[in-house]
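Below you'll find the structure, written out as structure tokens, and then a few comments.
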Amino acid sequence: MSRYNFKSVETKWQNYWEKNKSFKVKTDPSKKKFYCLEMFPYPSGKIHMGHVRNYTIGDVLARYKSLQGYNVLHPMGWDSFGMPAENAAKQNNLDPKKWTETNVLNMRTQLKKLGLSIDWDREISTCNKDYYKHQQAFFLELFEKKLVYRKENYVNWDPIDETVLANEQVIDGKGWRSGAIVERKKLSQWFFNISKFSQELLDGLEKLDSWPNKVKTMQKNWIGKSFGCEIDFKIEGDLPIKNIKCFTTRPDTLFGFSFLALSIDHEVSKFFSNDEDFLRFKNECSKTGTTEEAIAVGDKIGFKTNLEAINPLDPKQKVPVYFANFVLMDYGFGAVFGCPAHDQRDFDFAKKYNLKIKTVVRPIDKDEKFTVSDQAYPGPGIIINSDFLNGLSAPENSILETIKILEKKKLGKKQINFRLKDWGVSRQRYWGCPIPIAYDENGKVYPIPKSMLPVELPENINLNIKGNPLDSQNNWREINIDGKKLFRETDTLDTFVCSSWYYLRFCSPTETKYGFKKEDIDYWMPVDQYIGGVEHAILHLLYSRFFMRALSHDNNNFNILEPFSGLFTQGMVCHETYKDPDNNWVSPDEIENINGKKYLKKNKSKLVSVGPSESMSKSKKNTIDPENIISNYGADSARLFILSDSPPEKDVQWSEEGIISSFKFIQKLWKLNEKVIDEINKNHNTDIDDEIMKYTNKYLKKVHNNLESFSYNKIIANLYEMYSFLNKQIEKAYTKRTLIENYKKILITMTPILPHFANECLSIIKAENLKWPEYDVSMLKEDNINIVIQINGKKRGLVQTMPNISEEKLLEIVKNDEKMNKYFEQKNIKKKIYIKDKLLNIII
RNA sequence: GGGGCGAUGGCGGAAUUGGUAGACGCGUCGGUCUUAGGAACCGAUAGAGCAAUCUGUGAAGGUUCGAGUCCUUUUCGCCCUACCA
């Protein structure tokens with residue numbers, strides 16, 4: 001018995017695949033295609049377990065589809081622009097490009113060691129000018145279509161990264177990467193007009209049947225469509241303001257109007273720019289507005305103006321106008337009509353400032369005297385205290401009726417509002433795709449002619465200066481277009497732009513004229529299965545969906561709206577956390593297990609405390625380096641374990657015991673393989689083993705179903721079961737003749753999961769032209785089945801019998817069985833429920 | 001505050017979608033072999049009980065011949081989102 005040498009076998013097959021370009025594919029419309037894509041990595045330096053999981057899941061699918069005869073596009077590339085390169089370069093006085101290239105080299109080597117079925121000839125890197133020049137061309141294309149524009153706007157400014165962030169990149173008021181509290185700053189920025197497609201992006205979700213509902217819901221909420229009404233309020237006071245527009249979803253509660261609240265950035269605020277009280281209030285708002293506590297508590301503060309707003313439905317009613325901290329400038333019109341009785345925020349505000357609270361909706365089960373007292377009533381009911389609106393049923397009917405009335409009186413109009421904002425893409429950073437725009441001395445915008453692309457990033461520049469390094473590159477900034485002296489835009493594009501179209505580039509990675517070739521994307525797109533982390537549910541996936549619509553807009557040659565027809569979001573990789581007696585995090589590498597207890601390796605008298613399993617992170621030191629795992633146990637063991645313990649969409653817990661048991665299992669499979677080969681070589685001529693054929697068929701069916709439903713953890717269970725069956729069955733003399741054909745099929749089903757091991761075994765038995773083994777339905781029939789016998793719904797026994805047995809015969813058998821008969825002898829059988837070949841329930 | 005997901009042995013998780021609950025793995029226990037084992041192999045392992053049996057899928061009801069699965073109520077946990085008018 002030899003030991004399975006994973007090192008030599010894995011190296012052998014990886015070299016074989018590389019040399020033979022086994023996974024190289026071409027556009028070939030005569031073949032059915034399958035585009036399997038995993039989210040491409042940022043080249044941070046080393047792969048982590050999350051990558052191992054992501055790419056293993058994808059590889060299982062790619063290899064499976066390939067065996068099924070599909071022409072499988074399974075590419076890999078690098079999302080290589082971005083802040084970490086710039087920061088690392090600053091710290092170590094390096095060139096971001098060199099840093100990135102070194103990382104790419106390392107990570108490519110690591111990924112190859114995982115044995116992925118990737119067409120490496122299609123590798124792309126977004127920081128490469130062959131890539132980003134096409135991106136600049138797309139930018140200009142969108143610019144021509146007026147889907148890109150420049151405006152001065154309040155932006156989210158990250159003071160640590162010294163850059164602007166998109167709304168999506170601000171989490172709990174903090175920068176998504178730096179964690180710094182985001183400030184408000186007014187800057188001129190480039191925007192992609194994503195909000196133009198709000199409705200389409202929302203509608204498109206309906207057709208994405210193979211997306212997780214969770215992701216669709218998140219996008220839907222993010223787009224945030226709401227139906228309501230724009231109302232024009234007349235204003236009285238000593239300022240030159242005649243009216244203020246509000247957006248509301250509840251115009252039907254207008255008679256409950258008791259104040260009008262404005263955002264501190266509302267245009268009306270310009271009249272208060274010298275008012276010290278207002279400035280103090282404004283300052284207060286920006287303080288409370290950014291702390292997490294204030295958001296959670298939602299303390300509402302206001303600044304009363306000397307203006308009054310007139311209720312359009314009841315001109316006699318005049319209410320005060322406030323500035324309030326809870327009104328957002330970039331939603332609706334930055335102004336809210338306050339109806340305290342039926343909106344909790346308005347209620348809180350009214351209580352605080354002693355404003356009138358007038359109830360205008362009563363719940364169905366309450367009478368007309370119903371009044372709101374200690375909290376707002378936002379629910380359904382009947383309109384009351386509202387003159388001509390009384391009696392309408394709220395909310396649906398009353399809203400529609402009120403809008404009709406307002407429209408007739410020209411006081412307002414129906415409006416649909418979206419939460420989705422345009423995508424600010426300017427970044428004040430060096431390491432990104434330059435924006436192909438120039439300005440003259442007056443700031444007039446000149447797109448760089450496409451013939452002058454790419455706008456290359458200057459190299460070897462000093463990054464250790466405050467602000468955007470490109471600002472100080474005067475030689476680079478100056479440009480001459482048609483004899484005019486202009487200055488380049490020094491902002492670069494958000495790196496999410498790079499990842500918004502990379503899947504197109506994979507279809508035509510070497511095309512020079514344009515970002516892709518039509519015949520290539522016509523064949524390969526859309527991506528049939530996209531696999532990645534759920535953390536990109538909104539950002540990357542929404543941007544990509546927008547980008548396809550933007551390219552399709554006014555373009556008859558391009559009509560892809562949805563880039564990813566299937567989406568799968570895998571869970572995270574977790575590990576136990578450890579702390580030493582001084583409460584410092586301890587890495588699993590520093591721990592030794594003695595008699596089931598965990599001690600510090602360097603000081604074995606010190607016990608470590610074991611914390612809950614959490615997603616691997618450097619800060620908690622609970623990471624496991626895939627490189628060590630691969631060199632100690634092999635890629636196949638790592639692949640086997642990462643798939644085995646949990647369903648791919650859920651978090652998985654990495655453990656030492658787990659990876660060891662996977663490693664051992666491969667050793668067992670190898671021993672089984674040697675036994676099988678011994679038997680095959682004995683050349684048996686007689687006897688056919690039905691059992692092994694039937695078992696294999698059942699196994700094939702299970703594996704097939706589990707592959708189709710992404711239940712990869714169950715495939716591993718199927719493998720274990722198969723092993724123990726075959727390991728026993730092979731001892732039986734009659735097994736031998738039918739062994740090889742069935743064993744070959746089983747080995748093929750193993751190739752997606754254990755590609756090195758299974759291909760090695762297959763090559764030993766000289767199997768060639770591998771195809772995915774289909775199961776034979778006729779072989780699934782059972783000779784013997786177990787029928788459950790229930791008495792009054794309780795399981796009382798099993799009857800082993802032939803299929804298709806009649807109810808009478810079955811009952812006969814049951815009656816002759818002492819164990820079961822005792823439950824109903826001498827009793828009347830009231831009823832029998834017989835589910836053929838499955839169950840007999842006897843009711844007494 | 002809003003939305004979503006979930007709760008099954010000591011642990012990770014199965015259960016053909018209403019029909020034998022706990023597959024498979026980890027862990028634990030017992031055994032064989034061994035100088036030894038933290039190796040390999042064999043066996044046991046939801047709980048209670050000597051047993052026959054009984055009880056068991058967060059809790060309480062309901063539908064059904066039959067419920068982990070469907071319905072109602074409820075508790076807890078996780079994730080997302082957050083003053084969206």
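In what follows, chains are A, B, ... by sequence order, proteins preceding strands, each numbered from 1. Here the structure is a predicted model, which is why all the values come from computation and not from measurement.
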Residues, nucleotides or ligands: over 12 heavy atoms within 6.0 Å of A:Lys413 NZ: no
Under-4.0 Å side-chain N/O to phosphate OP1/OP2 contact, A:Arg345 with B:rC84: yes
Rounded to the Å, how far apart are A:His536 NE2 and B:rU81 P? 13 Å
Short N-O contact, A:Lys598 and A:Glu592, less than 4.0 angstrom: no
Given side chains that start at C-beta, do those of A:Leu355 and A:Phe349 come closer than 4.5 Å, heavy atoms only? yes
Take atom NZ in A:Lys701; do more than 12 heavy atoms of anything else shown fall under 6.0 Å from it? no
With RNA chain B as reference, determine whether A:Glu592 or A:Ala335 sits nearer its 5' end, using the nearest nucleotide of each. A:Glu592
Regarding the side chain of A:Leu328, the nearest nucleotide among B:rA14, B:rG12, B:rC84 is B:rC84
So what does A:Ser644 touch, heavy atoms closer than 4.0 Å: a base, only the sugar-phosphate, or nothing? nothing
B:rA36 and B:rC50: how far apart are their P atoms, nearest whole angstrom? 36 Å
C1' atom, B:rG25 versus B:rG2: distance in rounded Å? 40 Å
Under a 4.0 Å heavy-atom cut-off, which of residues 709-726 of chain A touch RNA chain B? A:Asn713, A:Lys714, A:Ala717, A:Tyr720, A:Glu721
Nucleotide forming a Watson-Crick or wobble pair with B:rC70, both distances under 3.5 Å: B:rG62
Base, sugar-phosphate, or nothing for A:Val327, non-hydrogen atoms under 4.0 angstrom? base
Restricting both atoms to N or O, compile the protein contacts to nucleotides 71-76 of chain B shorter than 3.5 Å, with distance only.
none

Salt bridge or not for A:Glu807 and A:Lys836, using N-O below 4.0 Å? no
Do A:Glu576 and A:Tyr578 get their side chains close enough for a donor-acceptor pair, meaning under 3.5 Å? yes
Identify whether the distance between the nearest side-chain nitrogen and carboxylate oxygen of A:Lys414 and A:Glu230 falls below 4.0 Å. no
Within less than 4.0 Å of OP1 or OP2 of B:rG12, is there a side-chain N or O belonging to A:Ser655? no
Report yes or no: is the cationic atom of A:Arg419 (NZ for Lys, CZ for Arg) closer than 6.0 Å to the six-membered ring centre of A:Trp222, at no more than 45° off its axis? yes
Looking at B:rG19, I'd like to know if its phosphate oxygens (OP1 or OP2) sit under 4.0 Å from a side-chain N or O belonging to A:Lys795. no
Rounded to whole angstrom, note down the C1' distance from B:rA46 over to B:rA23. 14 Å
What integer number of Å spans the P atoms of B:rG4 and B:rU73? 14 Å
Indicate yes or no: does A:Glu206 engage A:Lys216 in a salt bridge with an N to O separation below 4.0 Å. no
Mind calculating the distance between CZ (A:Phe337) and C1' (B:rC84) to the nearest angstrom? 15 Å
Tell me which of A:Lys668 and A:Asp645 sits closer to the 5' end of RNA chain B, going by the nucleotide each one is nearest to. A:Asp645
Among B:rU20, B:rU53, B:rA85, the one nearest any side-chain atom of A:Arg796 is B:rU53
At under 4.0 Å between heavy atoms, what does A:Lys664 touch on the DNA or RNA strands: base, sugar-phosphate, or nothing? sugar-phosphate
A:Thr248 side chain near B:rA85 phosphate (N/O to OP1/OP2, under 4.0 Å): no
Do the side-chain N or O atoms of A:Lys794 get closer than 4.0 angstrom to the phosphate oxygens (OP1, OP2) of B:rU55? yes
What does the list of N/O pairs under 3.5 Å between the protein and nucleotides 63-70 of chain B look like, with a distance for each?
{"residue": "B:rC65", "atom": "O2'", "partner": "A:Asn841", "partner atom": "ND2", "Å": "3.3"}
{"residue": "B:rC65", "atom": "O2", "partner": "A:Asn841", "partner atom": "ND2", "Å": "2.4"}

Let's go through A:Leu707 and A:Tyr712 carefully: what are the C-alpha distance in whole Å and the side-chain angles of both, what is the deciding distance for side-chain contact (heavy atoms from CB on, under 4.5 Å) to 0.1 Å, and is it a yes or a no? CA-CA 6 Å; A:Leu707 271 166; A:Tyr712 294 172; 3.8 Å; yes
